[in-house]
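Remember, it's 1-based here, ligands and their atoms both numbered in the order they're listed.
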Amino acid sequence: ASASEEKDLIIIGGGVAGYVAAIKAGQEGMKVACIEKRGTLGGTCLNVGCIPSKSLLNNSHLYHQILHDSKHRGIEVGEVKLNLENFMKAKETAVSGLTKGVEFLLKKNGAEYIKGTGSFINENEIKVALNDGGESVIRGKNILIATGSEATPFPGLHIDEQRVVTSTGAIALQKVPETMTVIGGGIIGLEMASVWSRLGAKVTVVEFLGQIGGPGMDTEISKATQRILKKQGIEFKLNTKVVSGDTTSELVKLDVDAAKGGKPESIDSEVVLVAIGRRPYTQGLGLENIGLELDERGRVIIDSEYRTKIPHIRCIGDATFGPMLAHKAEEEAVAVVEYISKGHGHVNYGCIPSVMYTHPEVAWVGQSEQDLKAQNIPYKIGTFPFSANSRAKTNLDHDGLVKILADPETDRLLGAHIVGPGAGEMIAEATLALEYGASSEDIARTCHAHPTLAEAFKEAAMATYDKAIHF
Ligand code: FAD
Ligand code: NAD
């Protein structure tokens, strides 16, 4: 690229937000360049987030099942050994296959991929410090900030990604620690606690709030999930705040304070995972050169069309408002390009599913019971336990329940909350129902194949206005 060349769109960041926008812009016939400094496309999600963590979750679940869940299924296995090096290689194979796939998709759609760090010179020019050395300048009619997020550090606790780790270190440990303490019982904390606990670590999760699962999880589902994870061997300390940490001894020491009147104590562990949330990443972008402001949480301030106060500079994904989820970033990427090319786009923020990929999975969409209560919105509830679902019973995998919230007057679906096997796939049906404004009776009168786990979803819907058949 050279200064003389003007792009229709320059994207800074090649994560899910940035690469999807690049593909979409290419499809719309725009001259587009996507700048990424990491060396591979896919951002946090593909490189150190969604994808590697799901590889570890899937394979640690298999390992744990073979070890502890095969005998009573009539399967006797010989010696079972974990080869952590190959276990990590399986993860790396998944990641590299997918990141190369994304690079191919950019090329296929005519989007230029520039390996380097982008920063604003002014409102239309971006300087790129190229990964291979040297510098170039590109001009853009439109510029999209898609620089994502990073782990929020814990004050006073130095992260070395070996003993004190963020999720990035936690997906790459070279040995199974004997003990691990997780600060923060949100999604990252619980997914990583599951992985290492299944592989043999004694894991304790310390959570500041009175419930696990991070923001948005329905309290009843959160409690059920905690019971299930506790049965699997994960220990929880709720209403407990980590006050300080000390890494000078062989074990990392954390001082914790019970938030509600309990006594202070200290916890020693081989590895500490800091999972207290993520914060937008805009360092080195040169926002000061164009006078763009951030809000108090470091998010780029935008309007409903993703415009910053400089209208041709927009921002999507983790760097701005909304849930930090890959599929949210992807929806915004399509919408923002449509705003630029056609003048209109759309994302329904009331209808973005969340999935926690523990076993069983936890998934939800729409409002939780505590959300509805807080807003004084009336609701009725239908629940159905997986212990009454024939497929879950057959699979000997029936912990959990489906909970449906619906409007008492119109029966319109308000929220769906699931902890149970296959919840992450089942939530797609709930999301579609919510998006189309379905009533719970619409769901319950839709024929579901037998025997499937999804019948639990149908029966929970039935239970909101009538009785479930199988419970
Ligand atoms: P990012 O993916 O962070 O991408 C931003 C990119 O911009 C980065 O690659 C960065 O290198 C690049 N960049 C930044 N500044 C510059 C610059 N100046 N010049 C050039 N490049 C730059 N979400 C889900 O929906 N499902 C999951 O299962 C899931 N699992 C997760 C597991 C973990 C361990 C973590 C940490 C996150 C997970 N997430 C998950 C969240 C998901 O990864 C993010 O929501 C998503 O990656 C956000 O996409 P993004 O493109 O906005 O940002
Ligand atoms: P989170 O916000 O989900 O959870 C952080 C938790 O840490 C909260 O429950 C909070 O109360 C707790 N906490 C904060 N300070 C604390 C302290 N001092 N002591 C004890 N607890 C404390 O954040 P996360 O789990 O770090 O995840 C970051 C982001 O990544 C989230 O937005 C999440 O949605 C996304 N993510 C999504 C997935 C998925 O979709 N499966 C997986 C991983 C990450």
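Under 4.0 Å from ligand 1, heavy atoms of A17 appear from its side chain as well as its backbone. Contacts between I188 and ligand 1 below 4.0 angstrom, taking non-hydrogen atoms only, involve the side chain exclusively. Contacts between I12 and ligand 1 below 4.0 angstrom, taking non-hydrogen atoms only, involve the side chain exclusively. Neither the backbone nor the side chain of A326 comes within contact range of ligand 2; no heavy atom lies under 4.0 Å. Only the side chain of K54 comes within contact range of ligand 1, with a heavy atom under 4.0 Å; no backbone atom does. At a heavy-atom distance under 4.0 Å, no atom of S119 approaches ligand 1. Counting heavy atoms closer than 4.0 Å to ligand 2, residue T152 contributes nothing at all. The proximity of R278 to ligand 1, defined as any non-hydrogen pair under 4.0 Å, is limited to the side chain.
Residue A319 places no heavy atom under 4.0 Å from ligand 1. For A275, the closest heavy-atom approach to ligand 2 falls below 4.0 Å. Assignment of Y19 to the shell around ligand 1 is not supported, since no heavy atom sits closer than 4.0 Å. The closest approach between any non-hydrogen atom of G284 and ligand 1 is not below 4.0 Å. In this structure, A151 falls outside the shell of residues with a heavy atom less than 4.0 angstrom from ligand 1.
Ligand 2 has no nitrogen or oxygen under 3.5 angstrom from a nitrogen or oxygen of I183. At a 3.5 angstrom cut-off on N or O pairs, E36 counts as close to ligand 1. Taking distance alone, with nitrogen or oxygen atoms compared against 3.5 Å, A329 stays at or beyond that limit from ligand 1. The N/O atoms of H327, backbone and side chain alike, include one that comes under 3.5 Å of an N/O atom in ligand 1. At a 3.5 angstrom cut-off on N or O pairs, M356 does not count as close to ligand 2. Residue contacts with ligand 2: F208 is placed with a nitrogen or oxygen under 3.5 Å of a nitrogen or oxygen of the ligand (distance criterion only). Between G213 and ligand 2, no pair of N/O atoms sits closer than 3.5 Å. Note: an N/O pair closer than 3.5 Å links E191 and ligand 2 by distance alone.
The protein heavy atom nearest to atom 9 (O) of ligand 2 is E207 OE1, 2.7 Å. Protein heavy atom at the shortest distance from atom 13 (N) of ligand 2 is I276 CG2, 3.9 Å. The protein non-hydrogen atom at the shortest distance from atom 26 (O) of ligand 2 is G277 N, 2.9 Å. In terms of protein heavy-atom proximity, atom 16 (C) of ligand 1 is closest to T147 CG2, 3.8 Å. At the top of the distance list for atom 4 (O) of ligand 1, counting protein heavy atoms only, stands G15 CA, 3.4 Å. For atom 4 (O) of ligand 2, the closest non-hydrogen atom on the protein side is G186 CA, 3.3 Å. What sits closest to atom 30 (O) of ligand 2 on the protein, heavy atoms only, is R278 CD, 3.8 Å. Annotation: atom 42 (C) of ligand 2 to nearest protein heavy atom, I187 CG2, 3.3 Å. Among all non-hydrogen protein atoms, the one lying nearest atom 44 (C) of ligand 2 is I188 CG1, 3.2 Å. The nearest heavy-atom contact from the protein to atom 3 (O) of ligand 1 is T44 OG1, 2.5 Å. Nearest protein heavy-atom neighbour of atom 2 (O) of ligand 2: P215 CD, 3.8 Å.
Listed by atom number, the atoms of ligand 2 under 4.0 Å from V242 heavy atoms are 19 (N). Each of the atoms 9 (O) of ligand 2 lies under 4.0 Å from some heavy atom of G214. Numbered from 1 in the order shown, with element, the atoms of ligand 1 that lie under 4.0 Å from a heavy atom of G317 read 52 (O). Close approach of ligand 1 to G116 (heavy-atom distance below 4.0 Å) involves ligand atoms 19 (N), 20 (C). Of all the atoms in ligand 2, the ones that sit under 4.0 Å from a non-hydrogen atom of L325 are 34 (O), 37 (C), 40 (O). Near V48, the atoms of ligand 1 lying under 4.0 angstrom from a non-hydrogen atom of the residue are 34 (C).
Between the CG atom in N86 and the OG1 atom in T93 there is a gap of 9.5 Å [rounded to 0.5 Å]. Taken to the nearest 0.5 Å, the CZ atom of F386 stands 11.0 Å off from the CG atom of N395.
Residue K24 is tested with E330, M30, E338 for a side chain to side chain contact (heavy atoms under 4.5 Å, CB included); the sole match is E338. The side chain to side chain contact (heavy atoms under 4.5 Å, CB included) test with I12 singles out one residue from I143, T117, L144, and that residue is I143.
Checked against disulfide (SG to SG under 2.5 Å), C315 has no partners two or more places apart in sequence or in another chain.
Listed by first and then second residue, the side-chain hydrogen bond (donor to acceptor under 3.5 Å, both in side chains) pairs involving residues 182-194 are K54-E191 (not counting sequence neighbours).
Side chains of E332 and Y339: a donor-acceptor N/O pair is absent below 3.5 angstrom, by distance only.
For atom 29 (C) of ligand 1, the candidate residues are G43, C50, C34; the nearest heavy-atom contact is made by C50. Of the candidates G118, G49, A326, A326 brings a heavy atom nearest to atom 25 (O) of ligand 1.
Here the shortest heavy-atom pairing between T152 and R279 reads OG1-N, 3.6 Å.
At most 12 non-hydrogen atoms from other residues, nucleotides or ligands lie less than 6.0 angstrom from CD of Q174.
A salt bridge does not link K107 with E103: every distance from a Lys NZ or Arg NE/NH1/NH2 to an Asp or Glu carboxylate oxygen is 4.0 Å or more.
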